[in-house]
K.L.:
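The structure's right below; bear with me while I get my questions together.
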Amino acid sequence: MSATRASHDVVVVGAGSVGMPAALALAESGHRVLVPDARRGPGHGSHKAAIGGVRATHADAAKILLGLRSREILSTWRERRGDDLEWVTGGYVFPAWRDQEASTLRALLAAQRAAGLDVRWLDAEALLEVVPDLERRDLVGGTSSASDGHCSPLLAMEAFRAHAVRAGVELRFDEPVTGVEVEAGRFVAAVTPRGRHPARTLVLAAGAWARELAATWGQDLRVRPDAHEAGITEPVAPFLAPLVVDLRPGPGSANVYFFQHQTGQVVFCLTPAPLAWGDDTRETSSFLPLAADRLLAVMPRLASLRVRRTWRGLYPMTPDGSPLVGESREVGGIFVAGGMCGQGFMLGPALGELVDRVLRDAATDDDRRVLEALSPYRTFASDERLK
Ligand SMILES: Cc1cc2nc3c(=O)[nH]c(=O)nc-3n(C[C@H](O)[C@H](O)[C@H](O)COP(=O)(O)OP(=O)(O)OC[C@H]3O[C@@H](n4cnc5c(N)ncnc54)[C@H](O)[C@@H]3O)c2cc1C
């Protein structure tokens, strides 16, 4: 036991896509929560770079479970809590122009539907009814998931922050956690340049920067940052409902995805190939020409759009493209919730609730399935097919 009486039950490291929803869920179930963040405000890490895609349409059961719950939280937020997150149930479409992608998508369908997703395979003609402007040449068909959608990461963060503060969460910015104090193999306090923060539990939600901190208590957390760029166009009249993902690899990129925001702008992003390892968030001059070529191959009509700006942020990447969730084996009282790769915004709200249930010893059977699949100590033998 620590000599100092703790004024908090839980220290959540990082006010990001995962940490802020976790802090909210923990505080609303009665925990006294402290959230120190190294940066100047909430969501200033990877969160603010996210474009806002929210899907339950994943390839594996654990992410589908989290995705379904996050989608429910975000899509019903306005009616339940009052804040407008600019949620749009526009759906997700994965078109295929080649047999490779068509086979990948079709092979996933049975398991996805069994897991509760309303995903359907549409032939080219039916797909063009959902997205009329897709490139028609060689279009084979594709999957459509009508209940997925998108919303504003910035509005969502502000909503989570406001409700968390109302529920009693203490936020401290410009305050990096530099280490932990451990007694008899258990976490007793988080250490920052401003002092020590005793608590029963530490939740590590430090995103792309988590590995360094975990190393201070001897845990080799398999997460490292890689950089992804995104862009936004001028606003135009509505012409596109779903978020479109083109899974074809091309020179310099592994895929491209985009949607039209409810205020008219088209927001787009691609996965570079090879991945751009490191934490450099300066935009490159190569991204826009690359993205433009890819976007026009999916939808020639986009040629008339003018791009307003681009930005670059970090994915907290893991060896198999799936998150790292679970208790530390090295030190008791530490729970890892990270390695969110390109999906932390869409998985964070559900993960926050899961963290709260685990800390209350109220994990469900589904939670146990998620924890087993996403264990930080797994062998990383598989590869995520819908990254
Ligand atoms: C261009 C781009 C587009 C994306 N689009 C989407 C999308 O459409 N949908 C989606 O779901 N995801 C998307 N993502 C991915 C998403 O942004 C990340 O997966 C997510 O933000 C990670 O959440 P996190 O909470 O783990 O990390 P973060 O949101 O980065 O939060 C971690 C926090 O921890 C803090 N921190 C780190 N170390 C310390 C420390 N030692 N002490 C205190 N604080 C610390 C950081 O300052 C940060 O605030 C996108 C990412 C990029 C780059």
Side-chain angles (χ1 to χ4, degrees), residues 9-14 16-26 29 31 33 35 46 58-70 177 180 182 185-188 190 199-225 315-384:
D9 301 312
V10 186
V11 174
V12 177
V13 184
S17 306
V18 174
M20 196 61 93
L24 172 62
L26 286 160
S29 74
H31 295 90
V33 184
V35 185
S46 297
H58 296 281
D60 70 84
K63 286 210 282 193
I64 292 174
L65 279 170
L66 291 173
L68 282 167
R69 179 59 189 148
S70 279
V177 174
V180 294
V182 176
R186 270 199 76 81
F187 164 81
V188 290
R200 269 203 314 271
T201 310
L202 178 132
V203 175
L204 180 62
W209 304 270
R211 188 171 202 156
E212 204 182 326
L213 187 54
T216 66
W217 59 80
Q219 182 167 359
D220 180 20
L221 199 62
R222 303 284 301 278
V223 58
R224 59 177 176 144
Y315 280 15
M317 188 53 77
T318 64
D320 60 5
S322 284
L324 306 171
V325 183
E327 283 166 15
S328 168
R329 290 180 187 162
E330 284 73 14
V331 174
I334 292 182
F335 191 91
V336 172
M340 304 309 291
C341 308
Q343 296 153 0
F345 176 59
M346 66 178 86
L347 300 178
L351 193 50
E353 290 185 346
L354 181 146
V355 170
D356 169 54
R357 285 191 295 275
V358 171
L359 267 52
R360 286 190 287 116
D361 284 332
T364 63
D365 288 344
D366 279 348
D367 291 339
R368 279 184 276 279
R369 276 192 278 277
V370 170
L371 291 167
E372 189 182 340
L374 303 183
S375 165
Y377 302 94
R378 64 183 180 267
T379 56
F380 301 101
S382 64
D383 197 25
E384 159 66 299

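These values consider heavy atoms only, across backbone and side chains, with no hydrogens, waters or symmetry-generated copies. One is the number of the first residue; the rest follow in order along the sequence.
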K.L.:
Mind checking what makes side-chain hydrogen bond (donor to acceptor under 3.5 Å, both in side chains) contact with R329, not counting sequence neighbours?
P.N.:
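Once residues adjacent in sequence are excluded, R329 has no partner under the side-chain hydrogen bond (donor to acceptor under 3.5 Å, both in side chains) criterion.
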K.L.:
Measure across S322 and C341 and return the closest heavy-atom pair with its distance rounded to 0.1 Å.
P.N.:
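Result for this residue pair: N-SG, 4.0 Å.
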K.L.:
Can you sort out the partners of Y315 under ring-ring contact (aromatic ring centres under 6.0 Å, His included), two or more places apart, ordered by chain and number?
P.N.:
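If we apply the ring-ring contact (aromatic ring centres under 6.0 Å, His included) test to Y315, skipping adjacent residues, the hits are H228.
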K.L.:
With sequence neighbours left out, what residues match T216 under side-chain contact (heavy atoms from CB on, under 4.5 Å)?
P.N.:
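For T216, the residues satisfying side-chain contact (heavy atoms from CB on, under 4.5 Å) (neighbours in sequence not counted) are L213.
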K.L.:
Which residues pass the side-chain hydrogen bond (donor to acceptor under 3.5 Å, both in side chains) test with W217, sequence neighbours left out?
P.N.:
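Residues passing side-chain hydrogen bond (donor to acceptor under 3.5 Å, both in side chains) with W217: Q219.
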K.L.:
Check whether any side-chain N or O of S375 sits under 3.5 Å from a backbone N or O of E372 as a donor-acceptor pair, and report yes or no.
P.N.:
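Checking the backbone N and O of E372 against the side chain of S375, no donor-acceptor pair under 3.5 Å is found.
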K.L.:
Can you name the nearest heavy-atom pair linking A62 to A373, along with the distance?
P.N.:
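So the minimum-distance heavy-atom pair works out to CB-CB, 3.7 Å.
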K.L.:
Using the side-chain contact (heavy atoms from CB on, under 4.5 Å) criterion, which residues pair with A205? Sequence neighbours excluded.
P.N.:
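A205: side-chain contact (heavy atoms from CB on, under 4.5 Å) contacts with V12, V18.
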K.L.:
With the side chain counted from C-beta on, respond yes when T318 and R378 share a heavy-atom pair under 4.5 Å apart, and no when they do not.
P.N.:
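T318 reaches R378 side chain to side chain.
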K.L.:
Of the non-hydrogen atoms in P21 and G16, which two are nearest, and what is the gap between them?
P.N.:
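Closest heavy-atom pair between P21 and G16: CD-O, 3.6 Å.
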K.L.:
Run the side-chain contact (heavy atoms from CB on, under 4.5 Å) check on R369 and T364 step by step: do they pass?
P.N.:
CA-CA 9 Å; R369 276 192 278 277; T364 63; over 6 Å; no
K.L.:
Go through the structure and list residues passing side-chain contact (heavy atoms from CB on, under 4.5 Å) with V358, not counting sequence neighbours.
P.N.:
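Checked V358 against side-chain contact (heavy atoms from CB on, under 4.5 Å); matches are E327, F335, L354, A363, L371.
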K.L.:
One pair to check against side-chain contact (heavy atoms from CB on, under 4.5 Å): S29 and R360. What are the steps and the verdict?
P.N.:
CA-CA 9 Å; S29 74; R360 286 190 287 116; 3.6 Å; yes
K.L.:
So, using salt bridge (charged side-chain N to carboxylate O under 4.0 Å, His left out) as the criterion, who are the partners of D9 when residues are at least two apart?
P.N.:
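Per chain and number, D9 pairs via salt bridge (charged side-chain N to carboxylate O under 4.0 Å, His left out) with R32, R200.
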K.L.:
Determine the minimum heavy-atom distance between L347 and G67, stating which atoms define it.
P.N.:
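Shortest heavy-atom contact: CD2-N, 3.8 Å.
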K.L.:
Under the salt bridge (charged side-chain N to carboxylate O under 4.0 Å, His left out) test, which residues partner D361, sequence neighbours left out?
P.N.:
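By the salt bridge (charged side-chain N to carboxylate O under 4.0 Å, His left out) rule, D361 matches no residue at all.
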K.L.:
Sequence neighbours excluded, which residues qualify as salt bridge (charged side-chain N to carboxylate O under 4.0 Å, His left out) partners of R368?
P.N.:
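Expected list: D365.
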K.L.:
Please identify which of these residues, V355, V11, V13, meets the side chain to side chain contact (heavy atoms under 4.5 Å, CB included) condition with V203.
P.N.:
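Answer to the side chain to side chain contact (heavy atoms under 4.5 Å, CB included) test with V203 among V355, V11, V13: V355.
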K.L.:
Give, for atom CG of D356 and atom CG of L26, the distance between the pair rounded to the nearest 0.5 Å.
P.N.:
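Rounded to the nearest 0.5 Å, the CG-CG separation comes out at 5.0 Å.
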K.L.:
For the atom pair CZ (F345) and OG (S46), what is the distance rounded to the nearest 0.5 Å?
P.N.:
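If we round to the nearest 0.5 Å, F345:CZ and S46:OG are 13.5 Å apart.
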K.L.:
Test of understanding: with salt bridge (charged side-chain N to carboxylate O under 4.0 Å, His left out), list the residues that count as partners of R222, not counting sequence neighbours.
P.N.:
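So R222 forms no salt bridge (charged side-chain N to carboxylate O under 4.0 Å, His left out) with any residue.
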K.L.:
Could D366 and R69 be called an ion pair, given the rule that one side-chain N must be under 4.0 Å from one carboxylate O?
P.N.:
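The answer is no: the pair does not qualify as a salt bridge.
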K.L.:
Apply side-chain hydrogen bond (donor to acceptor under 3.5 Å, both in side chains) to E330 and list each qualifying residue two or more places apart in sequence or on a separate chain.
P.N.:
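Applying side-chain hydrogen bond (donor to acceptor under 3.5 Å, both in side chains) to E330 gives S328, Y377.
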K.L.:
Within the structure provided, determine whether K63 and V370 are in side-chain contact (heavy-atom separation under 4.5 Å).
P.N.:
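A side-chain contact is absent here, since even the closest heavy-atom pair is not under 4.5 Å.
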K.L.:
What residues, two or more places apart in sequence or in another chain, satisfy side-chain contact (heavy atoms from CB on, under 4.5 Å) together with A210?
P.N.:
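Applying side-chain contact (heavy atoms from CB on, under 4.5 Å) to A210 gives L204, A206, L221, V223.
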K.L.:
Short question: side chain of T201, backbone of I334 - any donor-acceptor pair under 3.5 Å?
P.N.:
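Side chain of T201 to backbone of I334, a donor-acceptor pair under 3.5 Å: no, none is there.
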K.L.:
Please assess S17 against M346 for the test side-chain contact (heavy atoms from CB on, under 4.5 Å), listing each intermediate value before the final yes or no.
P.N.:
CA-CA 8 Å; S17 306; M346 66 178 86; over 6 Å; no
K.L.:
Heavy-atom distance under 4.5 Å between the side chains of V10 and L359, does that happen here?
P.N.:
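SC-SC contact between V10 and L359 confirmed.
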K.L.:
Under the criterion side-chain contact (heavy atoms from CB on, under 4.5 Å), I'd like the reasoning laid out for V325 against L351: C-alpha separation, chi angles, the key distance, then a yes or no.
P.N.:
CA-CA 9 Å; V325 183; L351 193 50; 3.8 Å; yes
